[in-house]
There are 2 protein chains.
Amino acid sequence: MPAVPRTISKKIIRQENEKLILEAAEKVFAEAGFGGATMQLIADVAGLPKANLHYYFPTKEALYRQVVESIFHDWLDAAAYFDDAEGPIDGLGAYIDAKMEISRSHPAGSKVWASEIMHRAPVIQDYLETTLRDWTEDRVAVIQTWIDRGLMDPVDPHHLLYMVWATTQHYADFGHQIETLNNGQPFDDDQWKRAKDTVKSIILRGINARARRV
Amino acid sequence: MPAVPRTISKKIIRQENEKLILEAAEKVFAEAGFGGATMQLIADVAGLPKANLHYYFPTKEALYRQVVESIFHDWLDAAAYFDDAEGPIDGLGAYIDAKMEISRSHPAGSKVWASEIMHRAPVIQDYLETTLRDWTEDRVAVIQTWIDRGLMDPVDPHHLLYMVWATTQHYADFGHQIETLNNGQPFDDDQWKRAKDTVKSIILRGINARARRV
DNA sequence: CCACAACCTGACCAACCGGTCAAGAAAATT
DNA sequence: AATTTTCTTGACCGGTTGGTCAGGTTGTGG
């Protein structure tokens, strides 16, 4: 009389298969681009027949859109560290750390995002014009208060953000180039720490970040 | 008796058509990616029938390879400013200026390069392992002499180079995102100058570049 | 003016792609 | 146990793609 029979699958089938497909899709879209990716290859990576993909996601575009949206939300979440900070050393430092961690643990997502932007954002242009724009202006305002409070030099906040995005995402998007220049070896823990520290150090020094008004 | 009849085409036909095709290909590959680009579209942009493309370039891969190689060489040339400089302020400053100019005037090339790297460099991996590696180690050595001569703080030269590449190329590769955040407007002259100055200022300050040993 | 080489191109083809569908298997509900 | 819903899948289809090719045109050298 097992009250809960060990049936592995219940109503979670949909949830599990969608996750399986989305993970495979992210990998394939990152490696081949939208145009180069095929539903057949995504199906093979997911270990499912192709027709099954179309049962869960009506079109290739719909699947791609969901992948990009998922990345976008992960990416926005990394800003939590930004807001509660007392100044640029804590705030920017933690934000850079968080973005470097994403580049390390989630490089495929970063590549899909980069690819989408490079192709003029055919799928998520509306997000750029609403969510991303609002998000950016909020953080620009935070940086401006740091400047006004004398906690950093008066640097254009937009370009500062672009530099943080560019530098941190570079370790994901151009990971293959970096790996090649690292004798074909991926970074080990020490090298990732060194990368993080160097990036933080140059940027924080570069804006003359300080704990108290001088 | 016009000594030089105005024949537009002589033996230069090949040269001109190849240039026409390569320029169209760079644009299309940048906008659609390798997989998304079609020979038909490249032909339309070049204003030539598709079969004519295959007369000059045997396959899509061959055409793509030539585009990428051309970009790679332009890109390496920008380093001339690096070598004859007295220190990081001149050398890095001029290099950043040059790379920012390329991002502004040649964004399509930068995107094709980024795409190739993101897809694990299926076409130019050999260049990465030879030319790029040698080039990089040479510049790392130059930066190291600056450090040894007390002209900048002891910063890991590799990560410094990555930051310069990332930041400058970001303005090309993510130009659409930046444009969207700039109220849908491309940068004007003043904004490009501001971008350049900000990038140079943060990086040079960030490594504590100076003209004389202190 | 001739012969040869370089260039041009419409028509065509096999391969592949995204997407459909019908028929059934498995789960959930009653 | 019966019924309904959800899930699975091989086979198939129209459209597109990279690439070919034969026949023609244009330019060049003698």
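All values derive from a computational prediction rather than experimental measurement. So that the names make sense, note that chain A is the first sequence line, chain B the second, and so on, each numbered from 1.
Under a cut-off of 6.0 angstrom, the local environment of CZ in B/R65 is crowded, with over 12 non-hydrogen atoms contributed by other residues, nucleotides or ligands. When the shell of 6.0 Å around OH of B/Y81 is examined, it contains 12 or fewer heavy atoms from other residues, nucleotides or ligands. In the displayed structure, A/K27 atom NZ is contacted under 6.0 Å by at most 12 heavy atoms of other residues, nucleotides or ligands.
Using a 4.0 Å heavy-atom criterion, one finds that A/F57 contacts no nucleic acid atom at all.
Protein atom CD of B/E16 is 12 Å distant from nucleotide atom P of C/dC7, rounded to whole Å. Separating the CG atom of A/L41 from the C1' atom of C/dC16 is a distance of 13 Å, rounded to the nearest angstrom. Atom CG of B/N52 and atom P of C/dC8 are 5 Å apart (whole Å). Taking atom CG of residue A/N17 and atom C1' of nucleotide D/dC7, one finds them 9 Å apart after rounding to whole Å. Residue A/I12 contributes atom CD1, which lies 12 Å from atom P of C/dA27 at whole-angstrom precision.
A salt bridge links A/E101 with A/K196; the closest basic N to acidic carboxylate O contact falls under 4.0 Å. At a threshold of 4.0 Å, the pair B/K50-B/D44 does not count as salt-bridged, since none of the basic side-chain nitrogens sits closer than that to a carboxylate oxygen.
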> Do A/R104 and A/D189 pass the salt bridge (charged side-chain N to carboxylate O under 4.0 Å, His left out) test, and can you show the C-alpha distance, the side-chain angles, and the key distance before you say yes or no?
Replying inline: CA-CA 10 Å; A/R104 183 181 191 176; A/D189 288 353; 2.6 Å; yes
> Nucleotide by nucleotide, 5' to 3', does protein get under 4.0 Å of the base (B), only the sugar-phosphate (S), or neither (-) in nucleotides 15-21 of chain D, counting heavy atoms?
Replying inline: --SBBBB
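Between B/R14 and C/dC7 there is a side-chain N or O to OP1 or OP2 distance below 4.0 Å. In this model, the phosphate group of C/dT20 is not approached by any side-chain N or O of A/Y55 to a distance below 4.0 Å at OP1 or OP2.
Minimum atom distance to the side chain of B/I13 is reached by C/dC7, of the listed D/dT8, C/dT9, C/dC7.
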